[in-house]
2 protein chains.
Amino acid sequence: MSEPKPHQGGYQRGEEARRRLLEAGIEVFGLHGYEAASTRSITEKAGVNLAAIPYYFGSKEGLYRAVAEHITTHLDGPKLTATLEQVEKKLKTSQVSAEQALELLHQLFDGFVTTLLATEGSDLWARFVFRELMEPSSVFEILNQHVVQKTIRPCAALIGQILDKPSDDPECLIRAFTLFGQVLIFRTVREVTLRSLGWQEFSGDRLDLIRSVIRQQVDRSLHGSTLEEKTAQSHPASNDSSEDTPDRI
Amino acid sequence: MSEPKPHQGGYQRGEEARRRLLEAGIEVFGLHGYEAASTRSITEKAGVNLAAIPYYFGSKEGLYRAVAEHITTHLDGPKLTATLEQVEKKLKTSQVSAEQALELLHQLFDGFVTTLLATEGSDLWARFVFRELMEPSSVFEILNQHVVQKTIRPCAALIGQILDKPSDDPECLIRAFTLFGQVLIFRTVREVTLRSLGWQEFSGDRLDLIRSVIRQQVDRSLHGSTLEEKTAQSHPASNDSSEDTPDRI
DNA sequence: AGAAATAAGTCAATCGATTGATTGATTTTT
DNA sequence: AAAAATCAATCAATCGATTGACTTATTTCT
């Protein structure tokens, strides 16, 4: 509860120890969870003394909170950040056509796959984040807000443009979650998917296959009628999927 | 490692204590994980003495393994079991048409939603299972085999029938995973989805909405071309989605 | 400038609390 | 009476945190 945090007039050496504790915290907390992660294993990996944790962060939980805040930095890869800015800009300024929205959505999901499955070290902070989102504790709010803001909200907004519904419509949010869940499962139960597929890792060609399937399903999911107006498009001739579904391979 | 397990000539009272430890183990292990779940909290919830764990299960890990094996009982709800038997029978005996396969797939996913989101107590064993599948430990194989056998394999087989591919084709498995991921996300990051939607729980009408979206997406995902033969169906006239997509609401 | 004084950071040793497991006496069931 | 089961008491090990001596870095004073 108390936060001593003697961090005001810090020296350079202290900043280094602080930084290394955060990095080690991401790894050890991410791998073993809060309880199972001993402060000794963290300080050993960080190469600092055991007393450095209460000194810099007040307590083990203080470090945990600091790691959670620090981790929000890793949440969006370089590729994702650019796309997210594009989406934000487009949605703010002008009306976005369904085609534009769909293309941005594809870019977003390509970024999700890259960030979650093909980025070095993503398994460490991803584990940390998902564990917290699965069973909320003290830092749930921090991570939840960042994740939703960087993933679900933009998706729901684009989906809303495509389906011509408000972005906070439950259907838009649900569709955003289901589509995101398609990517997420390969991260959360990574070992299950790898083993079933007989793979050792998600390498280049295999990632492309996953990307293609997801791209196609994002595409098809948002074509045609929404839930309410079910038989609105009685003549699907203009909805030939062969042109706006640029499947790879 | 050693398993004394004095369980051969047990009395009735012993069986009762054994059973209560397993139930309490599901709950406490599921809520807090292996490390954070103390043997004392488990025995308190079970209403037995602390020494009962090493007595009946050899050790804490022995109990953990026993819980994992016991938990496979809960993995399929009554509704799911019936559908799974149908699927197995259909796939064994005769050739299944794409329409039949799709209908069975819909039944399966309705069952998934019901079992994972609308079944009392599912959060407890589900947490246990997902934690183990997320970061494999000693009981990963047991749970993985059961889960894959009861969910992914049947889905992949049906998808294979629809897409006219072998059920162990990577694309079939990937599609099975992505579709299953659409349901799973509402269980794994349950609090995130509920909060974003402004909901308190997945009640009847809201579950129906989720079910409808998933049903529609399962439907659309498997219509039309697969990845390789992309423009095979040049005339989608016979593929009007208004009849084989019985959307609710 | 250089020296003294103060602050910041590091470290080994140790604290009380809690962990999983064991013991041996006792009670219950067959 | 014999086996099975329960129980309080206690074990060594490990947990997170604290202590006070120690070193390093920065500031202040002359």
Side-chain angles (χ1 to χ4, degrees), chain A residues 1-29 31-68 137-139, chain B residues 1-29 31-68 137-139:
Chain A
M1 290 300 166
S2 63
E3 296 186 27
K5 284 192 178 183
H7 184 221
Q8 43 249 23
Y11 296 164
Q12 272 190 345
R13 192 173 168 197
E15 275 306 314
E16 172 73 7
R18 201 183 167 83
R19 192 191 59 76
R20 281 161 67 170
L21 271 177
L22 287 176
E23 291 299 324
I26 291 180
E27 185 164 344
V28 182
F29 280 134
L31 279 175
H32 307 109
Y34 177 76
E35 303 278 352
S38 70
T39 53
R40 285 173 174 81
S41 64
I42 296 176
T43 53
E44 278 175 20
K45 185 165 284 290
V48 303
N49 188 267
L50 179 62
I53 291 181
Y55 181 76
Y56 284 104
F57 302 97
S59 65
K60 182 187 183 182
E61 187 178 330
L63 173 60
Y64 189 72
R65 298 181 68 92
V67 168
S137 73
S138 59
V139 302
Chain B
M1 289 302 165
S2 64
E3 295 187 29
K5 284 194 178 182
H7 182 223
Q8 41 253 22
Y11 296 164
Q12 271 191 344
R13 190 174 169 197
E15 275 307 314
E16 171 73 8
R18 202 184 165 83
R19 192 191 59 77
R20 282 162 66 170
L21 272 176
L22 287 175
E23 291 300 323
I26 291 180
E27 185 163 344
V28 181
F29 280 134
L31 279 175
H32 307 108
Y34 177 77
E35 304 277 353
S38 70
T39 53
R40 283 174 175 81
S41 64
I42 296 176
T43 53
E44 279 175 19
K45 185 164 283 289
V48 303
N49 188 267
L50 179 63
I53 290 181
Y55 182 76
Y56 284 104
F57 301 97
S59 66
K60 181 187 183 183
E61 187 178 330
L63 173 61
Y64 189 72
R65 299 181 67 93
V67 168
S137 73
S138 59
V139 303

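Just so it is clear: chains get the letters A, B, ... in the order the sequence lines come, proteins before strands, and each one is counted from 1.
- In this structure, of dT18(D), dT22(C), dA17(D), it is dA17(D) that holds the atom nearest to the side chain of R40(A).
- Closest non-hydrogen pair, V28(A) versus A37(A), comes out as CG1-CB, 3.6 Å.
- Comparing atom distances between the Y55(B) side chain and each of dA4(D), dA8(D), dT10(C) picks out dA4(D) as nearest.
- Taking the side chain of N49(B) as heavy atoms from C-beta on, and the options dA12(C), dG16(D), dA8(D), the nearest nucleotide is dA8(D).
- Scanning both residues, I42(A) and G25(A), for their nearest heavy atoms gives CG2-N, 4.2 Å.
- At a threshold of 4.0 angstrom between heavy atoms, the contacts of A37(A) are confined to the sugar-phosphate backbone, with no base atom among them.
- For H32(A) and dC15(D), the NE2 to C1' distance is 16 Å, given to the nearest whole Å.
- If you take CD of E44(A) and P of dT10(C), they are 17 Å apart, rounded to a whole angstrom.
- When the C1' atom of dG20(C) is taken as reference, atom CD of E35(B) falls 11 Å away, rounded to whole Å.
- Among the heavy atoms of the strands, none lies under 4.0 Å from I53(B).
- Along DNA chain C, the nucleotide nearest to G47(A) and the one nearest to L50(B) differ in position, and the one closer to the 5' end is contacted by G47(A).
- Counting only heavy atoms from C-beta on, S38(A) has its side chain closest to dC15(D) among dA8(C), dC11(C), dC15(D).
- Ring planes of F29(A) and Y34(A): parallel class, angle under 30° (limits at 30 and 60°).
- Side-chain atoms of T43(A) come within 3.5 Å of backbone N or O of T39(A) as a donor-acceptor pair.
- For the pair Y56(A) and dT10(C), the criterion of a side-chain N or O lying under 4.0 Å from OP1 or OP2 is met.
- Nucleotide dC7(D) holds its P atom 11 Å from the CG atom of L21(B), rounded to whole Å.
- Straight-line distance from the CZ atom of R19(A) to the C1' atom of dG9(C): 17 Å, rounded to whole Å.
- Ranking dT18(D), dG16(D), dT6(D) by closeness to the K60(A) side chain, first place goes to dG16(D).
- Using a 4.0 Å heavy-atom distance criterion, A17(B) is classed as a sugar-phosphate-only contact.
- Whole-Å rounding puts the E15(B) CD to dT30(C) C1' distance at 15 Å.
- Listed by first and then second residue, the salt bridge (Lys or Arg N to Asp or Glu O under 4.0 Å) pairs that reach into residues 47-58 of chain B come to none, sequence neighbours excluded.
- We find that CZ of R18(A) is positioned 12 Å from P of dT10(C), with the value rounded to whole Å.
- Nearest to the side chain of A51(B), among dT10(C), dC11(C), dT23(C), sits dT23(C).
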